[in-house]
Undergrad: 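Shown below is the structure under consideration.
Because only heavy atoms are used, hydrogens play no part in the values below, and waters and symmetry mates are left out as well, while side chains stay in.
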Amino acid sequence: MAEQGPTRNSSLERHVAERYAEAARRVEPELCCPVNYDPRYLKAIPQEVLDRDYGCGDPSAFLRLGETVLDLGSGGGKICFIASQVVGPKGHVIGVDANDDMLALGRGAAPKVAQAVGYANVRFLKGRIQDLALDLDRLDASLGENPPTTASQWQALNAEMEDWRRTAPLVPDASVDVVVSNCVLNLVVPEDKPRLFREIHRVLKPGGRAVISDIVSDEDVPEALQRDPDLWSGCISGALREDRFLEAFEAAGLYGMRLLKRESDPWRTVEGIEFRSVTVEAFKGKEGPCWERNQAAVYLGPFREVSDDDGHTYRRGVPAAVCDKTFRILTRAPYAEHFSPVPPRVEVPPEAAKPFACAGGTRVRSARETKGETYGETTEAGPCCGDGGNCC
């Protein structure tokens, strides 16, 4: 009889841990999905780290100077060490992994990379990516000093762990600008995946983003393949179907998901199911109330009509009435290049704003709402080029 429930998933987790522990000691080519990294950043990284890179994309290519970056499932640290150089000495990089052998590889290489680049801005923490609040180094130390031997002692330890999560989380709430990951989310067992995406949302700052490279499938992966520990640990049978991968970000409260990169050719095909690498970007920051401040946004095209993650519909060239929160969202990435903001001629102070019914559908904002009902100014011709130059 096939293993089910916690037993099967515990077996999968154990197999993943064992396989990646071995992969930290000995290169395993089958775990690699070929990726072209910027060679400028590889020179500072020790060869033993480069040889044990088991990713499927390069989320570090989408980072910026000065950012605080969290790498989920950091392994030997390759993406962390690339990110270190991209964000520069004023940025910070945190790698999280639960595998002791991989952590040892990354922690051992960190001083060498710091010496090569001239600054140290990378640290590695021990934790499970679906539980970023629990410090596993602290748990290991506690177990070493006072190993529980009775049920009541286990209950006391569980209560203490909950207190650690609350009072001293491994990764605090709203503490990072960017969460990255490279071919790791698919290794998390099914019932933990929703929690994993919620943890990504929790640790991001408002306005922060996730940039995740992972393997997705073009069909649902059948149960028989999911029970195969080699396919699971090989980043195959734990893959989400591509559309459901994007929906998982949305379900966790993120918005603006877009595919930064999608390989047209599959990495592997198993029993007719295609598995390919994608890199997805998603944003945090749509939380909060909706207020009416007489703002509008004009969708620039090219489509006749589009809808956002909150169900607002925008018709090309038509000023849509939006709340203050949506107005601010549409003026930053990933929407800014597709919308022209229309602020009111006379700003409505926040303290004077009234509630805006965002859930009531999208309506057209009349020009008089933004200009004012009594507005009647007549002006001379101005520059039509938009940059103050001579248009004629």
Undergrad: If the condition is side chain to side chain contact (heavy atoms under 4.5 Å, CB included), which residues does Asn146 pass it with, not counting sequence neighbours?
TA: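 For Asn146 there are no side chain to side chain contact (heavy atoms under 4.5 Å, CB included) partners, ignoring immediate neighbours.
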
Undergrad: When you measure from the side chain of Lys284 to the backbone N and O of Gly253, does any donor-acceptor pair fall under 3.5 Å?
TA: no

Undergrad: Verify the neighbour count for atom CD of Glu271: are there more than 12 heavy atoms of other residues, nucleotides or ligands below 6.0 Å?
TA: no

Undergrad: Atom CG in Asp58, atom CD1 in Ile79: separation rounded to 0.5 Å?
TA: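 Output value for this atom pair is 5.0 Å.
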
Undergrad: What pairs with Asn158 under side chain to side chain contact (heavy atoms under 4.5 Å, CB included), at least two apart in sequence or on another chain?
TA: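 Testing Asn158 for side chain to side chain contact (heavy atoms under 4.5 Å, CB included), a comparison that skips the adjacent residues, returns Met161.
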
Undergrad: How close do Lys286 and Lys325 get, heavy atom to heavy atom, and via which atoms?
TA: O-NZ, 2.7 Å

Undergrad: Would Gln85 and Arg40 count as a side-chain contact (heavy atoms from CB on, under 4.5 Å) if you check the C-alpha gap in whole Å, the side-chain angles of each, and the deciding distance to 0.1 Å?
TA: CA-CA 9 Å; Gln85 298 170 73; Arg40 292 177 299 168; over 6 Å; no

Undergrad: Checking one residue: Val322. Which other hydrophobic residues are in its cluster under the side-chain 4.5 Å linking rule?
TA: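 Reading the cluster by chain and number, Val322 sits alongside Tyr255, Phe283, Tyr299, Phe303, Val306, Tyr314, Phe327, Ile329, Leu330, Tyr335, Phe339.
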
Undergrad: Between Asp137 and Lys126, does any side-chain N to carboxylate O distance fall below 4.0 Å?
TA: no

Undergrad: By side chain to side chain contact (heavy atoms under 4.5 Å, CB included), which residues pair with Lys90, not counting sequence neighbours?
TA: none

Undergrad: Would you say Val171 ends up clustered with Leu139 if hydrophobic residues are merged whenever their side chains have heavy atoms under 4.5 Å apart, either directly or through other cluster members?
TA: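 Different hydrophobic clusters.
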
Undergrad: Determine, stepwise, if the pair Asp220 / Arg244 fulfils side-chain contact (heavy atoms from CB on, under 4.5 Å).
TA: CA-CA 10 Å; Asp220 289 323; Arg244 290 181 176 168; 2.9 Å; yes

Undergrad: If you measure from CZ on Arg123 to CZ on Arg107, what distance do you get to the nearest 0.5 Å?
TA: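 These two atoms lie 11.0 Å from each other.
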
Undergrad: Who pairs with Thr279 by side chain to side chain contact (heavy atoms under 4.5 Å, CB included), at least two apart in sequence or on another chain?
TA: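 Residues passing side chain to side chain contact (heavy atoms under 4.5 Å, CB included) with Thr279: Phe62, Val211, Ser213, Leu260, Lys261.
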
Undergrad: Kindly state each residue pair satisfying ring pair (Phe, Tyr, Trp, His ring centres under 6.0 Å) with at least one member in residues 166-219, sequence neighbours excluded.
TA: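 Ring pair (Phe, Tyr, Trp, His ring centres under 6.0 Å) check on residues 166-219 returns Phe197-Phe249.
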
Undergrad: Are Leu134 and Ile94 connected in the hydrophobic side-chain network, where two residues link if heavy atoms are under 4.5 Å apart?
TA: no

Undergrad: Under the side chain to side chain donor-acceptor pair (under 3.5 Å) definition, can you give me all pairs with a residue in residues 337-346, not counting sequence neighbours?
TA: none

Undergrad: Could you tell me whether the side chain of Arg276 and the main chain of Val216 form a donor-acceptor pair under 3.5 Å?
TA: no

Undergrad: What residue pairs, at least two apart or across chains, pass ring pair (Phe, Tyr, Trp, His ring centres under 6.0 Å) with a residue in residues 139-174?
TA: none

Undergrad: Which pair of non-hydrogen atoms, one from Leu136 and one from Ala98, has the smallest distance, and what is that distance?
TA: CD1-CB, 4.1 Å

Undergrad: Give me the atom names and distance for the closest heavy-atom approach of Leu225 to Val221.
TA: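 Heavy atoms only, the tightest pair is CB-CG1, 3.7 Å.
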
Undergrad: Do you know which two heavy atoms are closest between Thr313 and Thr362, and how far apart they sit?
TA: N-OG1, 2.8 Å

Undergrad: Find the distance between CG (Asn294) and NZ (Lys354) and round it off to the nearest 0.5 Å.
TA: 10.0 Å

Undergrad: Test your reading of the model: is there a side-chain donor-acceptor pair from Asp310 to the backbone of His312, 3.5 Å cut-off?
TA: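 Not at all, since once roles are kept as given, no pair shorter than 3.5 Å links the two residues.
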
Undergrad: For side-chain contact (heavy atoms from CB on, under 4.5 Å), just list the numbers for Leu125 and Asp135, CA-CA rounded to whole Å, side-chain angles, deciding distance to a tenth of an Å, and then say yes or no.
TA: CA-CA 8 Å; Leu125 307 177; Asp135 185 340; over 6 Å; no

Undergrad: Do any N or O atoms from the side chain of Asn121 and from the backbone of Pro89 form a donor-acceptor pair under 3.5 angstrom?
TA: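 No.
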
Undergrad: May I have all residue pairs that pass salt bridge (charged side-chain N to carboxylate O under 4.0 Å, His left out) and include part of residues 170-180, sequence neighbours excluded?
TA: Asp173-Arg202, Asp177-Lys205

Undergrad: Could you name each residue pair satisfying ring pair (Phe, Tyr, Trp, His ring centres under 6.0 Å) that touches residues 95-152, not counting sequence neighbours?
TA: Phe81-Phe124

Undergrad: Using 4.0 Å as the upper bound for N to carboxylate O, is an ion pair formed by Arg368 and Glu373?
TA: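 Here Glu373 does not pair with Arg368 in a salt bridge, since their nearest N and O are not under 4.0 Å apart.
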
Undergrad: Check this for me, if you would: do Asp163 and Arg166 make a salt bridge, where the nitrogen-to-carboxylate-oxygen distance has to be below 4.0 angstrom?
TA: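 Yes, Asp163 and Arg166 are salt-bridged.
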
Undergrad: In the hydrophobic cluster built from side-chain contacts under 4.5 Å, what are the other members alongside Tyr375?
TA: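 None; Tyr375 is a cluster of one.
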
Undergrad: Counting C-beta onward and ignoring hydrogens, is there a side-chain heavy-atom pair between Asp214 and Asn186 closer than 4.5 Å?
TA: yes

Undergrad: Go through Arg209 and Leu204 one step at a time and tell me if the side-chain contact (heavy atoms from CB on, under 4.5 Å) criterion holds.
TA: CA-CA 7 Å; Arg209 67 195 189 282; Leu204 281 172; 5.6 Å; no

Undergrad: Under the rule for side-chain hydrogen bond (donor to acceptor under 3.5 Å, both in side chains), what residues qualify as partners of Arg365, not counting sequence neighbours?
TA: Glu292, Glu369

Undergrad: Does Asp324 reach the main-chain N or O of Trp291 with its side chain, forming a donor-acceptor pair under 3.5 Å?
TA: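 Not at all, since once roles are kept as given, no pair shorter than 3.5 Å links the two residues.
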
Undergrad: Is it true that a side-chain atom of Arg304 and a backbone atom of Arg316 form a donor plus acceptor pair closer than 3.5 Å?
TA: no

